Amino acid sequence: MSPTSLELNHRERAALRAVAAGRVEITCSSEPDLYIDGVAFCDQQTAHRLAHDGLLRPVRDGRLGDVVLAELTGEGTAQLD
């Protein structure tokens, strides 16, 4: 299934909107965690899905565990259109 054909739930779309607004940080990790407005996003399954499906990513490389700003990928942006 391509990312453009994903069916996202309300929480996943809200997380993507927060990324688009520049309010989300992500840990540099193979299983990244998200922080929205500086608060840990408690739904790790959603965080991992959005990252593994290629909808968001760190804006820059970092060391394992670094927390950096998150950005939408092209596929992530398409999900909000």
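All residue numbers refer to positions in the sequence shown, counting from 1. In this text, all values refer to a predicted model and were calculated from it rather than measured experimentally.
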Do you know the tightest heavy-atom contact between Leu16 and Gly76? CD1-O, 4.2 Å
Would you give the length of the straight line joining atom CD of Glu75 to atom OG1 of Thr73, rounded to the nearest 0.5 angstrom? 4.5 Å
To the nearest 0.5 Å, how far apart are CG in Asn9 and OG1 in Thr46? 5.5 Å
Name each donor-acceptor pair under 3.5 Å that joins a side chain in residues 55-70 to protein atoms two or more places apart or in another chain, with its distance.
from: Arg57; atom 1: NE; to: Glu71; atom 2: OE2; distance (Å): 2.8
from: Arg57; atom 1: NH2; to: Glu71; atom 2: OE2; distance (Å): 3.4
from: Asp66; atom 1: OD2; to: Arg63; atom 2: N; distance (Å): 2.8

Heavy-atom closest pair (Ala47 atom, Pro32 atom, distance to 0.1 Å) is CB-O, 3.9 Å
Qualifying salt bridge (Lys or Arg N to Asp or Glu O under 4.0 Å) pairs, either residue in residues 12-21, two or more places apart: Glu12-Arg49
Sequence neighbours excluded, the answer for side chain to side chain contact (heavy atoms under 4.5 Å, CB included) partners of Gln45 is Asp43
Quick one: are His48 and Asp33 in side-chain contact, heavy atoms under 4.5 Å? yes
Cluster question for you: counting only ILVMFWY and a side-chain heavy-atom cut-off of under 4.5 Å, with indirect links fine, are Leu6 and Val19 together? yes
Are Leu50 and Tyr35 connected in the hydrophobic side-chain network, where two residues link if heavy atoms are under 4.5 Å apart? no
What is the minimum heavy-atom distance between Ala15 and Val24, and which atoms define it? O-CG2, 4.3 Å
